[in-house]
There are 2 protein chains.
Amino acid sequence: MTAAETPDETTAVPDGCPADTAVETIQREMTVFARRARASAGRMHPELSLVSYTLLGHLEERDGRRATDLAAHYALDKSTVSRQVSALERAGLIERRVDPDDHRVQVLHLTESGRQALDRVTERRRTAFRERLADWAEEDLLRFAGYLERYNAWPGAAPDGERDRAAPGPRTVDGTH
Amino acid sequence: MTAAETPDETTAVPDGCPADTAVETIQREMTVFARRARASAGRMHPELSLVSYTLLGHLEERDGRRATDLAAHYALDKSTVSRQVSALERAGLIERRVDPDDHRVQVLHLTESGRQALDRVTERRRTAFRERLADWAEEDLLRFAGYLERYNAWPGAAPDGERDRAAPGPRTVDGTH
DNA sequence: CTCCGGAGTTGTACTGTGCAACCAGCAATG
DNA sequence: CATTGCTGGTTGCACAGTACAACTCCGGAG
């Protein structure tokens, strides 16, 4: 509601400033997105679940991560990651190699097949999103992407570490952060 | 990657324009958000799962929706909604009333207790998000919220109908759409 | 060597979810 | 009115994703 139109019994909390409303909208809309994302992922590319896709994408972006890194980045339990990784390996999409320096850790790499699957799916997603974002001004796209990155980059969110390990910088869409 | 730095073997697809990169970033970051959201919801307010919270929020915003509306809006199966709704009703947070005009449909309403629970949680979330978004300029918040709304409002996403039923307009943060 | 802590795995249980089969009202048609 | 067909909702079933806790394995500090 536009702060001006509070005629019905909606908000008990007074909704102080527009920023508060914005914050709520952000939460709400992000959640809507999340829910729909999973649904559409299933239809769009049954070959790769949204989780798998995401993990693969992460590995493409920053090859040679450890399972723990993924867990931290996505706020997942290590057991979950372990299982996902096992599945991806069984499917031949990634490889696990033990770190010669520390036999506890296993470094993850995309296989060629994994890269291909990922690219196929990325391509499908890209066209879908392209269509969806077709009438957005490029400026808005860049800014939107920047906001999302900025939002997620918030240090308190993922007890990461993450940003200081090997690999080139994150896939930044502009200089926004 | 900033389109300028494609030195490693990452993208097979040439990544034509910056808009493409932005689109991918949007997908990726939205997904990261989604994953973390559920995790943090559990910690932040165990009393209300993210799903429940979302559905309650939807009902607060637009009271008297039908289960089908929720399903459409969130791209959920009607069975899923049915179960969620049952749970919420069991918990005494919402009420189902049969529409006198059509005995098939049941109209959903927040109970007082539901409204309170929702407000409690909203408050917690709001402070958390506030902290997180503390150093954002208000202008950016508004624009971010506007982008998200615009994104989700895309007609192809939810085969909604939704926007033309009773209830006052959606909670719009600015005039953006 | 022993003990501690970190990386991963496995057992278990639960939630969210979809699909398909179903039931129950409405509505149009013969 | 009886038949057919559509729409809203529920239930049975199966499965993915997830967390938590208990465990193994390895490396480092004492």
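Proteins come first, then strands; the chains are lettered A, B, ... in the order of their sequence lines, and each starts at number 1.
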**Student:** On the 0 to 90° scale, with breaks at 30° and 60°, tag the B:Trp136-B:Phe144 ring pair as parallel, tilted or perpendicular.
**Tutor:** parallel
**Student:** Identify all pairs in which a protein N or O lies below 3.5 Å from an N or O of nucleotides 2-7 of chain C, and state each distance.
**Tutor:**
{"residue": "C:dG5", "atom": "N2", "partner": "A:Arg104", "partner atom": "NH1", "Å": "2.9"}

**Student:** If you assign each of A:Ala39 and B:Asp99 to its closest nucleotide in DNA chain C, which residue comes earlier from the 5' end?
**Tutor:**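 This one resolves to A:Ala39.
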**Student:** Please identify which of these residues, A:Thr127, A:Thr122, A:Val121, meets the side-chain contact (heavy atoms from CB on, under 4.5 Å) condition with A:Arg125.
**Tutor:** A:Val121
**Student:** Which residues pass the ring-ring contact (aromatic ring centres under 6.0 Å, His included) test with A:Phe33, not counting sequence neighbours?
**Tutor:** B:Tyr151
**Student:** Using heavy atoms and a sub-4.0 Å distance, could you list which residues of residues 87-97 of chain A are near DNA chain D? By number, please.
**Tutor:**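 Heavy-atom cutoff 4.0 Å gives no residues at all.
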**Student:** Quick check on the hydrophobic clustering: are B:Val105 and B:Leu70 connected, directly or via other members, by side-chain heavy-atom contacts under 4.5 Å?
**Tutor:** no
**Student:** Tell me, which pairs form a side-chain hydrogen bond (donor to acceptor under 3.5 Å, both in side chains) where one or both residues lie in residues 83-92 of chain A, sequence neighbours left out?
**Tutor:**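 Residue pairs passing side-chain hydrogen bond (donor to acceptor under 3.5 Å, both in side chains), neighbours aside: A:Glu89-A:Arg96.
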**Student:** Any donor and acceptor pair, going by atom type alone, linking the side chain of B:Arg126 with main-chain N or O of A:Thr21 inside 3.5 Å?
**Tutor:**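 Answer holds: no.
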**Student:** Kindly state each residue pair satisfying ring pair (Phe, Tyr, Trp, His ring centres under 6.0 Å) with at least one member in residues 76-132 of chain A, sequence neighbours excluded.
**Tutor:**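 Ring pair (Phe, Tyr, Trp, His ring centres under 6.0 Å) check on residues 76-132 of chain A returns no pairs.
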**Student:** Please report the closest heavy-atom contact between B:Leu55 and B:Leu88, naming both atoms and the distance.
**Tutor:**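 So the minimum-distance heavy-atom pair works out to CB-CD1, 4.2 Å.
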**Student:** List every contact pair, protein side and nucleotides 12-17 of chain C side both N or O, where the distance is under 3.5 Å.
**Tutor:**
{"residue": "C:dT12", "atom": "O4", "partner": "A:Arg83", "partner atom": "NH2", "Å": "3.4"}
{"residue": "C:dG16", "atom": "OP1", "partner": "B:Ser49", "partner atom": "OG", "Å": "3.0"}
{"residue": "C:dT17", "atom": "OP1", "partner": "A:Arg35", "partner atom": "NH1", "Å": "2.6"}

**Student:** From CG of A:Leu70 over to C1' of D:dT18, roughly how many Å is that when rounded to an integer?
**Tutor:** 15 Å
**Student:** Would you check, one step at a time, whether the test side chain to side chain contact (heavy atoms under 4.5 Å, CB included) holds for B:Thr68 with B:Lys78?
**Tutor:** CA-CA 6 Å; B:Thr68 313; B:Lys78 53 183 180 158; over 6 Å; no
**Student:** Any side-chain donor-acceptor pair under 3.5 Å between B:Tyr74 and A:Thr31?
**Tutor:** no
